[in-house]
Amino acid sequence: MSLNYGTALWPHTDDKPVTKKLSYRNLGTTDVTLDLSVSTVDAEGKPAPAGFFALGASKVTVPAGGTAEVDLIADTSVGDADGTYSGYVTATGAGQSVRTAAVAVREAESYDLTVRTLGRDGADAQNYATTLTGVGGPAANFQARVDNEPGARTIRVPKGSYTLNTAVYQDPSDYTAGTDWIAQPKLEITGDTTVVSDARTTKPVDLTVPGIDKADYAGTYYEVATTGIGRVGNGWVLRGFTGFRTAHMGPAVTDGSLLQTWDAHFVKDATSQYSVAFGGKTNTVATGYTKHVKATELATLKVGLGASAPGKTALASPYAHLPGAPEGNGFSAPQPAPGTRTFYVSTGDGATWLTRYNQLGDKDQWGYPAFEGAWEMVKPKRYEAGRMYRETFGTGVMGPLLGEGMGVLRTVDPVTGLQQIVGAVPLASDGEGHAGTVPYSSSTSTLYRDGVKVAESTDPLSGYEPFAVDAADAEYRLTASVERPSQASSVSTRIEAGFTFRSKQVAATTALPVSTVRFAAPVDLSSRVPERAQVLVPVTVQGAAAGTNLKSLAVSVSYDGGATWQSVKVVGGLISVKSPAKDSGISFSAKVTDKQGNTSTLTIHNAWLGK
């Protein structure tokens, strides 16, 4: 049995004591006298002040075969702390004890928020959604929502700062029939408040590019920076802005905490599209938005869609990065690969763009195109209006990539405190240096300590499966061997990497001294080079041995799948090799040593094919 006294609404100066009955039953044949006591805990885990929970008597006699009652009074006017209070009544007698719990909630400073939503006709809206999110003070993380309830609705809310967003739909199944977004990015609740979201205050969004008025994919987003819970935002992702209208509600936000972004993608034809993004710091969420983008505001980005196996489909898209804002939305139409897709991207408002590329294969068992690999820029790039740029994805020579956020790390498990070594190396990054994530037909990673194998996993150094190690100083060798399925790729079919280094206990995550070698071969979009042509291949060392810390670099080449190897000199950062015969592959092997004696090895089978 427990007693629930409910919630006493703020303020508490006029709270009245509430009495509930504790009932005890005696199943025996003699009367039993119970000694009663109550212990309490307030909302902060401390004993509640005297009088918050009080017993009507310190003893009660329960007759044989009968029942007896005693009052337990909760007085929420007592004390200062708001929140949940607990009481525990212990009854002792006849060699037994019974414990009964009680709970009462003393509401923090709160008020009635009344919300009402009007449609475009001025009447109470029938189809709408209003969301309230607490962003500051006692309201932080508070959330409430009202959907499709015509008329005024009242919500009890803590004092504090909020965002309030209302969407009004002419037809909930078709946003293009008319959708109104009314946003109040800062709503201060310091007393009983009424908010009316009125669709009649909204204005249309009109964002176009040269020759195209309707976007195929579009979005807008705003966020408010808070001191308590970080950034809080709200926004839309739409199939274009047709029928979409917006309005700001409430006072302007003048403290620099508000920003809003807009992005849209317009398909021009089967192999080209416009991708534009605008926005930044503002004082209000836009009431309507008009932007007719001119050709002179755009840069041209030609993206090579590489694929070394036949019958592939490509999806490529640039993603906008506006200063201080989260990454924008991407969109693209699928097209055959190899191929080229042309993007016309906006250059204003400090926009930079990060392009991603996915290779898709035949349909899987559920009827969807099979994922066969993804590559993306390591960092966004800025483009200038009127200029043309080129990026190529998914071509050889594919191999490990090292850089910011990539490498082999010594870490401390945050839960167990144990030492770990973890590899976070994208092993199949493409020839242009775009980080790659691909499915493998086989994958093995192995860790050796002082020459003795200590652990093995199937994780391809993705960073998700650390190896547990002890604290002592030791020499480690971490190896990885992966193979790509032939239907996905005919180049870089097997990649083998090894890293040898010394390591000991660390107090925080530490990058370990590992290196790799990159081969920037002049391949076409199918990762081929004319057969038997003499080819100059730039060779770059990344990681610990880069630059002046390089002690030695040895490169070998094989034309028979790695059965035999020939040493190749690196002169001025280049090697000169002969392209293999048509449909045959060339393989590379490299060993690099830094001046501290750490070594790394790499073998790439079928780096490219002859044509």
Side-chain angles (χ1 to χ4, degrees), residues 113-120 122 124-125 127-136 139-149 153 155 157 160-170 172 175 178-189 193-207 218-226 229-238 240-264 277-291 322 324-326 328-329:
L113 171 65
T114 301
V115 295
R116 186 180 181 190
T117 301
L118 305 180
R120 293 184 180 183
D124 287 320
N127 299 304
Y128 75 92
T130 292
T131 57
L132 181 74
T133 302
V135 299
N141 297 312
F142 178 92
Q143 291 189 332
R145 180 179 173 117
V146 180
D147 289 65
N148 304 330
E149 297 182 31
R153 292 292 178 267
I155 311 165
V157 301
S161 301
Y162 294 83
T163 67
L164 185 140
N165 296 275
T166 298
V168 185
Y169 309 101
Q170 300 300 306
Y175 286 3
T179 298
D180 299 283
W181 179 36
I182 304 105
Q184 183 159 351
K186 277 202 174 180
L187 171 63
E188 299 293 336
I189 302 293
T193 303
T194 297
V195 175
V196 178
S197 300
D198 190 342
R200 295 172 298 178
T201 64
T202 63
K203 293 183 179 180
V205 175
D206 182 18
L207 176 55
T220 182
Y221 170 84
Y222 83 80
E223 70 175 26
V224 179
T226 74
I229 59 176
R231 296 181 177 274
V232 177
N234 192 277
W236 292 77
V237 175
L238 301 160
F241 287 124
T242 300
F244 187 68
R245 307 195 317 190
T246 65
H248 176 92
M249 183 168 63
V253 180
T254 58
D255 60 4
S257 64
L258 176 66
L259 67 81
Q260 185 176 14
T261 62
W262 302 84
D263 63 357
F278 305 98
K281 291 289 186 72
T282 181
N283 291 338
T284 62
V285 173
T287 296
Y289 181 78
T290 300
K291 178 72 175 179
L322 292 165
N329 301 298

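Heavy-atom basis, side chains included; hydrogens, waters and symmetry copies ignored.
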Residue pair T220 / Q260, side-chain donor-acceptor N/O under 3.5 Å: yes
Side chains of L118 and R200 in contact at under 4.5 Å (non-hydrogen atoms): yes
Shortest non-hydrogen contact from L258 toward P185: CD1-CB, 3.9 Å
Aromatic ring pairing F241/W262, orientation class (parallel under 30°, perpendicular over 60°, tilted between): perpendicular
Rounded distance (nearest 0.5 Å) linking atom CG of L132 with atom CD of Q184: 10.0 Å
pair I182-D198: side-chain heavy atoms closer than 4.5 Å: no
Among V168, T166, I155, the one residue meeting side-chain contact (heavy atoms from CB on, under 4.5 Å) with T130: T166
Salt bridge (charged side-chain N to carboxylate O under 4.0 Å, His left out): pairs with one or both residues in residues 249-262, sequence neighbours excluded: K186-D255
Heavy-atom side-chain proximity of V115 to L164 below 4.5 angstrom: yes
Value rounded to 0.5 Å, distance of CG in L187 from CG in L113: 6.5 Å
Where G160 and A139 come nearest, the two heavy atoms and their spacing: CA-CB, 3.9 Å
Distance in Å, T194 OG1 paired with R116 CZ, rounded so as to fall on 0.5 Å steps: 10.5 Å
Approximate separation, where rounding is to 0.5 Å, of Q170 CD and T179 OG1: 8.0 Å
Point-to-point distance, once rounded to the nearest 0.5 Å, from OH of Y289 to OG1 of T246: 10.5 Å
T193 side chain to I189 backbone, donor-acceptor under 3.5 Å: no
Heavy-atom donor-acceptor pair, K203 side chain to T287 backbone, under 3.5 Å: no
Heavy-atom closest pair, residues I229 and V135: CD1-CA, 3.8 Å
V232 versus T133, closest heavy-atom pair with distance: CG1-CG2, 4.0 Å
Over all atoms of both residues, closest heavy-atom pair of A129 and D147: CB-OD2, 3.6 Å
Minimal non-hydrogen separation, A199 against G119, with atom names: CB-C, 3.7 Å
Counterpart residues, ring-ring contact (aromatic ring centres under 6.0 Å, His included), relative to Y222 (two or more places apart): W181
Donor-acceptor contact below 3.5 Å, side chain N283 vs main chain A252: no
Rounded distance [0.5 Å steps], NZ in K291 versus CZ in F278: 5.0 Å
Heavy-atom donor-acceptor pair, Y128 side chain to E149 backbone, under 3.5 Å: yes
Any donor-acceptor pair under 3.5 Å from T117 side chain to S197 backbone: no
D180: partners by salt bridge (charged side-chain N to carboxylate O under 4.0 Å, His left out), with sequence neighbours left out: R120, R245
